Amino acid sequence: MIYNRLTSLFYESHDTKSMAKALLGCELVHDSPDGLTSGIIIETEAYLQDDPACHAYNRYTPRTQPMYGDPGTIYVYHIYGMYQCLNVVSNRAGIGEAVLIRALKPIRGLELMHARRERAHSRANVSRKKMRTEDLCSGPGKLVQSMGISKALHNNGTFTEGDLFIIPAQISGFEIDVTTRIGLRVGTELPYRYIIREDALKM
DNA sequence: CCGGTGATGTTC
DNA sequence: AACATCACCGGG
């Protein structure tokens, strides 16, 4: 299998909002020692330097440092004690902006995704329930678990090299819904959330 | 709806 | 050395 991963040209040639849109339909791939998993990116959010909801808003700290790196840098952060979220760093080095990957349509390695999610559940002492394939990556914390992504492994790495990368759009011709972002207390009025309209996914 | 959970940043 | 704050998830 040959992968034509997106190169630094892609990450350099979009501003943050256009990158959030351009990533829709692309396929996120993790070629891990346990096996390969992938999914089509169906929901993203943009976080800009002048945006109060952005981790890098008026801050340059150890956590946010990767956001100031080159476009295509991987930013993974811890949230709510038990989850992690995956971001694609955007804009040029020195500007702290990124795109949050919020949901995928699972494509490859479905069994491995199920296994990883079950392992996460038993660790969290959550009762075993039948897990539907379409729910494996239906949130930013869940997709990180299913894909085997972690802060320890990936934070401050890059999508342009290594085992975690993105390949160009696998679907096209879809409509994009734009809404305000989810789960925020500030910046709630900004229309920086992008979702592939659902009918495009029934293939 | 609502609580678990712990890293991170901010303030003292 | 506290304290407050979360770009979430699952159960009810």
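Lettering follows sequence order; numbering is per chain, from 1. Given the structure is predicted, the values throughout are model-derived calculations rather than measurements.
Side-chain proximity of A:His121 to the nucleotides C:dA7, C:dG10, B:dT8 is greatest for C:dG10. The side chain of A:Tyr83 has B:dG4 as its nearest neighbour among B:dG4, B:dG9, B:dA7. Closest contact between the side chain of A:Arg117 and the listed nucleotides B:dT8, C:dC9, C:dC8 involves C:dC9. Nearest to the side-chain atoms of A:Met82 among the listed nucleotides C:dC8, B:dT5, B:dA7 stands B:dT5.
Taking 4.0 angstrom as the limit, A:Arg185 places none of its side-chain polar atoms (N or O) nearer than this to OP1 or OP2 of C:dA4. The shortest distance between the side-chain N/O atoms of A:Thr61 and the OP1/OP2 oxygens of B:dT8 is not below 4.0 Å. Phosphate proximity of B:dT8 to A:Arg59: absent, as no side-chain N or O sits under 4.0 Å from OP1 or OP2. Dashed line: the shortest gap from a side-chain N or O of A:Arg63 to OP1 or OP2 of B:dG9 is under 4.0 Å.
Taking the ring centre of A:Phe165 as origin, the terminal cationic atom of A:Arg5 falls inside the region bounded by 6.0 Å and 45° from the ring axis. The side-chain tip of A:Arg102 does not point at the ring of A:Tyr194 from less than 6.0 angstrom away and within 45° of straight on.
Between the base of B:dA7 and the side chain of A:Tyr80 there is no donor-acceptor pair shorter than 3.5 Å.
When heavy atoms are screened at a 4.0 angstrom cut-off, A:Leu100 is found touching base atoms of the nucleic acid.
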